[in-house]
Amino acid sequence: MEQFEYRKKIYPKYTSHMTGYANLSEDDYVRWGEAAASYLNGWLPQNKQAQCLDVACGAGHLLHMLKTKGYSNLTGIDISPEQVATAKRIWGNVFEANVLDFLQQHPESFDLITGFDVIEHFTKNEVFEFLGGACRALRPGGILILQTINAESPFGLKVRYGDFTHELAFDVNGLERLLSITGFVNIKARECGPYVHGLKSLIRKILWNLIRQGIKVWNLAETGSPGSCVFTRVFDIKAENPKH
């Protein structure tokens, strides 16, 4: 069997078999987008005409959020034809493509590249190819934003093994080093914790803040360090292509 035979079996039906995103409502997209926008606050380009690429765009959640925020030059790509068909309902400029090939074919073409829940699907060699390709596909000063599994979370393994196509998991420090090695600068990471939009979510936020203090104490007791202080099951990370 070929090394990646499983990809050929799973990705063509990824929406129906793995995500359950076939019948999303407008409200589903809006709720997801409001939380995502809070996580990315201050990270998105100020210019609403920026050329934006969402890789592994899935059902189009991020495209919907960017469209809602007024960005008009959007492109989405995904390797799954089901995902592409679903995302096209949100934004027409979506294509079926291998992200590694696509990035190589579009040098210095984008001001923003986003990749939510994609880098964990790559092998180690593919991670280097992806990050290097993303850096070259960005214009000087362009921004890369990724969301991925947090190996430092107590529940990181649940997310890592919750999808058969996941190959890797990352912690903040490890991914920061990889981004630096592949040419990126000004690297910052954030948690993806409870998004406050009502009383229940406010209570969850308060409880989460208490729990994360406990995780810091756990780290301090065991290692003498509080760790990265990014402990949610997934985290966001932003990096920039050098301006010169």
4.5 Å side-chain heavy-atom contact, E240 and L144: no
Sequence neighbours excluded - ring pair (Phe, Tyr, Trp, His ring centres under 6.0 Å) pairs with any residue from residues 39-70: Y21-H61, Y29-H61, Y29-H64, W32-H61
Inter- and intrachain pairs under ring pair (Phe, Tyr, Trp, His ring centres under 6.0 Å), touching residues 125-162, at least two apart: F122-F130
Heavy-atom check, side chain of F170 versus side chain of I149, under 4.5 Å: no
L103 vs R136, side chain to side chain contact (heavy atoms under 4.5 Å, CB included): CA-CA, chis, key distance, verdict: CA-CA 8 Å; L103 292 174; R136 290 186 291 273; over 6 Å; no
Cluster link V172 to I143, ILVMFWY, side chain under 4.5 Å: no
Closest contact, heavy atoms only, G76 versus L63: CA-CD1, 4.2 Å
Cut-off 3.5 Å, no hydrogens considered: what does the side-chain donor-acceptor table look like for residues 44-53, sequence neighbours left out?
from: N47; atom 1: OD1; to: Q49; atom 2: N; distance (Å): 2.9
from: K48; atom 1: NZ; to: K69; atom 2: O; distance (Å): 2.6
from: Q49; atom 1: OE1; to: S72; atom 2: OG; distance (Å): 3.3

Derivation of the side chain to side chain contact (heavy atoms under 4.5 Å, CB included) call for D78 and E96: CA-CA 5 Å; D78 202 288; E96 184 180 343; over 6 Å; no
Sidechain N-carboxylate O distance under 4.0 Å for R7, E5: no
Step-by-step salt bridge (Lys or Arg N to Asp or Glu O under 4.0 Å) determination, R190 to D236: CA-CA 5 Å; R190 289 177 178 169; D236 290 337; over 6 Å; no
Check: V196 and R204 side chains under 4.5 Å, non-hydrogen atoms: no
Whether T232 side chain and F235 backbone form a donor-acceptor pair below 3.5 Å: no
Pi-cation contact, F95 with K88 (under 6.0 Å, within 45°): yes
L168-L100 co-clustered via ILVMFWY side chain contacts under 4.5 Å: yes
More than 12 heavy atoms of other groups within 6.0 Å of K158 NZ: no
Rounded distance (nearest 0.5 Å) linking atom CG of N150 with atom CZ of R160: 14.0 Å
Side-chain heavy-atom pair C229, R212 within 4.5 angstrom cut-off: yes
ILVMFWY network linking L175 to V159, side-chain heavy atoms under 4.5 angstrom: no
hydrophobic_cluster_shared for V217 and I206, side chain cutoff 4.5 Å: no
Side chain proximity check, L178 to V127, heavy atoms < 4.5 angstrom: yes
Test item: side-chain donor near acceptor, N41 and S38, under 3.5 Å: no
Distance, nearest 0.5 Å, that separates OG1 of T114 from CG of L66: 6.0 Å
Co-members of the apolar cluster containing I203 [side chain, <4.5 Å]: L199, L207
Shortest non-hydrogen contact between D111 and R139, atoms and distance: OD2-NH1, 3.1 Å
F110 reachable from I145 in the ILVMFWY side-chain graph, under 4.5 Å edges: no
Pairing residues for F102 by the ring pair (Phe, Tyr, Trp, His ring centres under 6.0 Å) criterion, not counting sequence neighbours: H106
Side-chain heavy-atom pair I119, L131 within 4.5 angstrom cut-off: yes
Sequence neighbours excluded, every pair satisfying ring pair (Phe, Tyr, Trp, His ring centres under 6.0 Å) that has a member inside residues 197-228: Y195-H197
Side-chain H-bond candidate by donor/acceptor type, T123 with E167, under 3.5 Å: no
Any donor-acceptor pair under 3.5 Å from S109 side chain to P107 backbone: yes
Minimum heavy-atom distance between I113 and A137, given as atom pair plus value: CD1-CB, 4.0 Å
Nearest heavy-atom neighbours spanning P194 and K205: O-CD, 3.6 Å
Point-to-point distance, once rounded to the nearest 0.5 Å, from CG of L138 to CG of L112: 8.0 Å
Any side-chain heavy-atom pair of D117 and T148 under 4.5 Å: no
Side chain to side chain contact (heavy atoms under 4.5 Å, CB included) between E191 and V234, worked out: CA-CA 7 Å; E191 290 188 326; V234 298; over 6 Å; no
Nearest-0.5 Å distance, CG of residue N186 to CG of residue L179: 11.5 Å
Shortest non-hydrogen contact between C57 and A87, atoms and distance: SG-CB, 3.9 Å
Close side-chain approach of Q83 and Y11, heavy atoms under 4.5 Å: no
Rounded distance [0.5 Å steps], CG in D171 versus OG in S153: 11.5 Å
Reported CG-to-NZ distance for the pair L62 and K67, which is rounded to 0.5 angstrom: 12.5 Å
Step-by-step side chain to side chain contact (heavy atoms under 4.5 Å, CB included) determination, N219 to F231: CA-CA 11 Å; N219 275 326; F231 302 131; 3.6 Å; yes
CA sep, side-chain torsions, deciding dist, call: E176, K188, salt bridge (Lys or Arg N to Asp or Glu O under 4.0 Å): CA-CA 8 Å; E176 285 178 343; K188 299 178 181 179; over 6 Å; no
Closest heavy-atom pair and its distance - N241, C135: ND2-O, 3.2 Å
Short side-chain donor-acceptor distance under 3.5 Å, S228 and N173: no
Side chain to side chain donor-acceptor pair (under 3.5 Å) assessment of D163 paired with T165: CA-CA 5 Å; D163 185 329; T165 62; 2.7 Å; yes
